[in-house]
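Computed from a predicted structure; not experimentally measured.
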Amino acid sequence: STPLYSSAASDVYKRQISERQKIQSLWESGASVKEIAQDFDLSVSAIYTELKRGYDGTRLPDMRRRYDAELAQLTVQKSIERRGRKAAEA
């Protein structure tokens with residue numbers, strides 16, 4: 001099967017909200033990081049990074065950190081906006 005996105009580091013910003021929602025759904029259903037990584041054809045490290053990106057400060061009933069796909073997407077969008085040279089403030 002074709003992965004939803006590449007494991008290249010630069011592709012982290014290309015993940016779509018639908019892909020992040022799938023990660024959220026798998027995580028909330030009790031899937032392990034390793035299982036999610038295999039499902040997306042990514043490294044375990046990439047999934048841990050994604051889970052950290054979307055951590056909203058709360059816990060799931062099984063005491064794992066909650067992942068919020070929309071928060072992760074917003075975090076990435078803000079990161080992209082902060083890139084590059086900044087114009088001098090007048």
Output yes when a side-chain donor or acceptor of Arg65 lies under 3.5 Å from a complementary backbone atom of Arg59, and no otherwise.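 No, the answer is negative, given that no donor and acceptor are paired below the 3.5 Å cut-off.
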Can you tell me if Thr49 uses its side chain to pair, donor with acceptor, with the backbone of Ser45 under 3.5 Å?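 Looks like yes, one N/O pair under 3.5 Å.
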For Arg53 and Thr75, test the side chains for any donor-to-acceptor distance below 3.5 angstrom and give the result as yes or no. no
List for me each residue that meets salt bridge (charged side-chain N to carboxylate O under 4.0 Å, His left out) alongside Arg64, sequence neighbours excluded, and say none if there are none.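 Expected list: Asp62.
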Among Gln21, Lys22, Gln16, find the one that has a side chain to side chain contact (heavy atoms under 4.5 Å, CB included) with Glu19. Gln16
Say you draw a straight line from [atom1] of [X] to [atom2] of [Y]; how long is it, rounded to the nearest 0.5 Å?
| X | Y | atom1 | atom2 | value |
| --- | --- | --- | --- | --- |
| Ile80 | Lys78 | CD1 | NZ | 13.0 Å |
| Ser79 | Leu74 | OG | CG | 11.0 Å |
| Leu42 | Tyr48 | CG | OH | 14.0 Å |
| Ile17 | Gln73 | CD1 | CD | 4.5 Å |
| Ser29 | Ile36 | OG | CD1 | 7.5 Å |
| Lys34 | Asp39 | NZ | CG | 14.0 Å |

State yes or no: do Tyr55 and Leu60 share one hydrophobic cluster built from I, L, V, M, F, W and Y residues joined by side-chain heavy-atom distances below 4.5 Å, directly or via other members? no
Student check: side-chain heavy atoms of [X] and [Y] closer than 4.5 Å:
| X | Y | result |
| --- | --- | --- |
| Leu51 | Ile23 | yes |
| Arg66 | Glu28 | yes |
| Trp27 | Val33 | yes |

Please report the closest heavy-atom contact between Glu50 and Tyr67, naming both atoms and the distance. OE2-OH, 2.6 Å
For Gly54 and Ala72, work out which heavy atoms get closest and say how close.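 Heavy atoms of Gly54 and Ala72 come nearest at CA-CB, 3.8 Å.
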